[in-house]
Amino acid sequence: MGDRAAVLADLAAVLPDGALVADSHIVEAYRWDRADMVVPGTPLAVVRATCTADVQATLRVAAAHRVPVVPRGAGTGLSGGSTAVDGCITLSTVGMRRIRVDPAAMVAVVEPGLLNVEVKDAAREHGLWYPPDPSSFEICSIGGNLATNAGGLCCVKYGVTTDYVLGMEVVLADGSAVRLGGRTIKDVAGYDLKRLFVGSEGTLGIVTEATLRLRPPPPPATTLVATFPDVIAAGGAVTEIVGRVRPAALELMDRTAIRAVEDRTRMGLDRSCGALLLGRSDAGGAQAAAEVKVMERACEQAGADYVASTDDQDEGEQLMAARRMAIPAVERLGTVLIEDVGVPIPRIPELVAGVEAVAARRATLIAVIGHAGDGNFHPLVTFDRHDPDAVERAQIAFAEVMEVALALGGTISGEHGIGTLKRAWLGPQLGEGVLDLSRRIKQALDPLGILNPGKAL
Ligand SMILES: Cc1cc2nc3c(=O)[nH]c(=O)nc-3n(C[C@H](O)[C@H](O)[C@H](O)COP(=O)(O)OP(=O)(O)OC[C@H]3O[C@@H](n4cnc5c(N)ncnc54)[C@H](O)[C@@H]3O)c2cc1C
């Protein structure tokens, strides 16, 4: 690892004024992402890049001194992906904010620092829509979305981030820049390398630009709300709905999450129900009415004790906002280890039953929320971090929930990524052969191992 003073001097020589930050008070703010149970290292310095050349210059210096580089967007990640490692350069791309919308080609060419919401807003100005909508869409960057292949609420119908990436510019570990993909909708020339980089959590290269596909916006949505005596009944309704229609969103909250959200919003959610399901149809007109009818019937047959729907856009948005608020609301109950497990749709009731069993066995509060229509759930393992016994039980529960998902043929991460938090369970999911193949790809692209070391693999 390079000599600190020499690294700083070399960075200062190649970066524009203001890009290099070594003040320890400022650097401190770049140590964590939102996975605050991960113990972070301390960066040597932070580079606030404003263009591709800054990223290239930083990587050339890092490679010359063999200093680790931790790419960082808005720091809203939930897996410790942008958590600092000791002596690293934290490379922030939030200052890279250029965007061009080409309405005729229905694409937006964006730099990584724009917030997801800003890309949506820019598309809307041209009568277009950028669908991927993580619950954090107002606070997370497009660079982070690309690096984690972020999902969200409408992904059950419209797909995840990678489905909207036509092309990318990526800076590699040696500082060279490559352009992958392009602007065409179909493109099978060469390996699909852009898909390799999407979701690679900053371990293979730094995303400096992306060409994102836009769509015409859908008609206004009809929103269905149903309450159930328990989560398992709600899980049954989800299985039935997804087998019959393609909802524009299908989201679930259990009793603990409902109460936490209601405590925060006072919007009148039923605190006594066991689970709440939110479904949406944006098919428009008679088709939307038919889809909502199917969802209503599925809920009733699964034992819902209340089912209603609304065409009122404000009311529908309020309900979806309540769901998006679930993680911060539950975080007020204690420290939270956030799971991101996914299972095949028919196994949803078994997953939620398995999570309940873990919570009871480990005497630990686990609130359950999720993008139910994708089979992707976020059991929120909640505990008092000042009670060592509670911490130990929570950590065991965190592991056991992932084991439940794997036993059901599922995944340990549907959208948040592996980061540092879930690395120990990647091997059990992928198997030694795939893990070894992944390490060889990493070795080929980053032979010095300087890009986000200790993350994802
Ligand atoms: C309340 C809340 C709700 C959330 N809901 C969702 C949800 O519904 N769906 C979902 O998918 N996620 C969700 N998240 C998680 C998080 O917002 C996403 O993972 C998001 O994509 C992270 O973006 P970021 O800009 O904050 O990235 P960061 O946290 O800064 O980084 C995330 C990863 O991307 C890498 N990275 C960042 N920028 C670059 C770049 N330019 N090039 C290469 N690598 C880079 C980092 O090294 C790290 O590995 C939620 C988070 C919160 C706090």
Side-chain angles (χ1 to χ4, degrees), residues 30-36 38 47 49 52 54-55 58-59 68-85 88 90-97 110-118 132-156 160-162 168-173 197-210 249 251 320-321 323-331 336 338 340 342 369-371 374 376-378 380 413-421 451-457:
Y30 289 81
R31 293 179 67 207
W32 284 268
D33 64 5
R34 290 286 296 260
D36 65 355
V38 172
V47 171
T52 301
D54 293 350
V55 175
T58 303
L59 280 165
V69 174
V70 175
R72 187 177 174 95
T76 68
L78 297 170
S79 306
S82 59
T83 300
V85 299
C88 74
T90 289
L91 177 53
S92 167
T93 52
V94 291
M96 300 178 66
R97 296 187 38 80
V110 305
E111 288 189 342
L114 287 149
L115 299 179
N116 176 298
V117 67
E118 292 175 314
D133 62 342
S135 297
S136 51
F137 74 107
E138 288 162 311
I139 53 171
C140 64
S141 76
I142 281 291
N145 291 177
L146 288 155
T148 55
N149 193 10
L153 278 64
C154 76
C155 297
V156 59
V160 296
T161 302
T162 192
M168 285 165 96
E169 179 186 70
V170 178
V171 174
L172 302 175
F197 281 86
V198 175
S200 63
E201 301 189 52
T203 61
L204 300 181
I206 316 282
V207 181
T208 47
E209 189 189 278
E251 295 288 318
M320 299 318 277
R323 159 61 189 90
R324 287 193 199 100
M325 195 181 285
I327 291 178
V330 172
E331 280 174 338
V336 177
I338 301 178
D340 179 33
I369 60 171
H371 309 301
D374 294 322
N376 180 204
F377 288 83
H378 303 311
L380 307 173
S413 182
E415 57 181 20
H416 296 164
I418 301 303
T420 15
L421 204 56
L451 276 177
N452 220 0
K455 313 289 176 63
L457 277 184

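Remember, it's 1-based here, ligands and their atoms both numbered in the order they're listed. A quick note: this is a predicted structure, and the numbers were derived from the prediction, not measured.
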Does any donor atom in the side chain of Ser413 or Asp340 lie under 3.5 Å from an acceptor atom in the other side chain? yes
Residue, atom name and distance, where the atom is the protein heavy atom closest to [atom]:
atom: atom 48 (C) of ligand 1; result: Gly81 C, 3.5 Å
atom: atom 9 (N) of ligand 1; result: Glu415 OE2, 3.0 Å
atom: atom 12 (N) of ligand 1; result: His416 CD2, 3.5 Å
atom: atom 32 (C) of ligand 1; result: Thr148 CG2, 3.9 Å
atom: atom 25 (O) of ligand 1; result: Ser141 OG, 2.6 Å
atom: atom 52 (C) of ligand 1; result: Ser136 CB, 3.8 Å
atom: atom 27 (O) of ligand 1; result: Gly144 CA, 3.5 Å
atom: atom 34 (O) of ligand 1; result: Ala147 CB, 3.1 Å

Is the shortest distance from a heavy atom of [X] to ligand 1 less than 4.0 Å?
X: Met96; answer: no
X: Arg34; answer: yes
X: Gly205; answer: yes

Between the side chains of Arg97 and Glu118, is the shortest nitrogen-to-carboxylate-oxygen separation below 4.0 Å, so that they form an ion pair? yes
At what distance, to the nearest 0.5 angstrom, does [atom1] of [X] lie from [atom2] of [Y]?
X: Leu153; Y: Glu251; atom1: CG; atom2: CD; value: 3.5 Å
X: Leu451; Y: Glu201; atom1: CG; atom2: CD; value: 13.0 Å
X: Thr162; Y: Asn145; atom1: OG1; atom2: CG; value: 12.0 Å
X: Ser200; Y: Leu457; atom1: OG; atom2: CG; value: 9.5 Å

Give yes if a backbone or side-chain nitrogen or oxygen of [X] is under 3.5 Å from a nitrogen or oxygen of ligand 1, and no if not.
X: Leu78; value: no
X: Gly151; value: yes
X: Ile139; value: no
X: Arg324; value: no
X: Ala150; value: no

Is it the side chain (CB and beyond), the backbone, both or neither of [X] that lies under 4.0 Å from ligand 1, heavy atoms counted?
X: Pro112; result: side chain
X: Val207; result: both
X: Lys455; result: neither
X: Asn452; result: side chain
X: Asn145; result: both

Those atoms of ligand 1 less than 4.0 Å from some heavy atom in [X]:
X: His371; answer: 8 (O)
X: Gly75; answer: 24 (P), 26 (O), 28 (P), 29 (O), 30 (O)
X: Glu201; answer: 47 (O), 49 (O)
X: Gly202; answer: 43 (C), 44 (N)
X: Gly77; answer: 26 (O), 29 (O)
X: Ile206; answer: 42 (N), 43 (C)

Quick one: closest heavy-atom pair of Leu421 and Leu78, and the distance?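 Shortest heavy-atom separation between Leu421 and Leu78 comes out as CD2-O, 3.6 Å.
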Can you give me the closest heavy-atom contact between Phe197 and Met168, atom names plus distance?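 Where Phe197 meets Met168 most closely, the heavy atoms are CB-CE, 4.1 Å.
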Does [X] reach the main-chain N or O of [Y] with its side chain, forming a donor-acceptor pair under 3.5 Å?
X: Asn376; Y: His371; value: no
X: Lys455; Y: Thr83; value: yes
X: Thr208; Y: Thr52; value: no
X: Ser136; Y: Ile139; value: no
X: Asn149; Y: Val160; value: no
X: Glu415; Y: Gly152; value: yes

Taking the minimum heavy-atom distance to atom 26 (O) of ligand 1, which of Ile142, Thr76, Ile369, Val70 ranks first?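 Heavy atom nearest to atom 26 (O) of ligand 1 belongs to Thr76.
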Picking from Val55, Asp54, Val207, Leu91, what satisfies side-chain contact (heavy atoms from CB on, under 4.5 Å) with Val171?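 When side-chain contact (heavy atoms from CB on, under 4.5 Å) is applied between Val171 and each of Val55, Asp54, Val207, Leu91, only Val55 qualifies.
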In terms of the angle between their ring planes, are His378 and His416 parallel, tilted or perpendicular, with boundaries placed at 30° and 60°? parallel
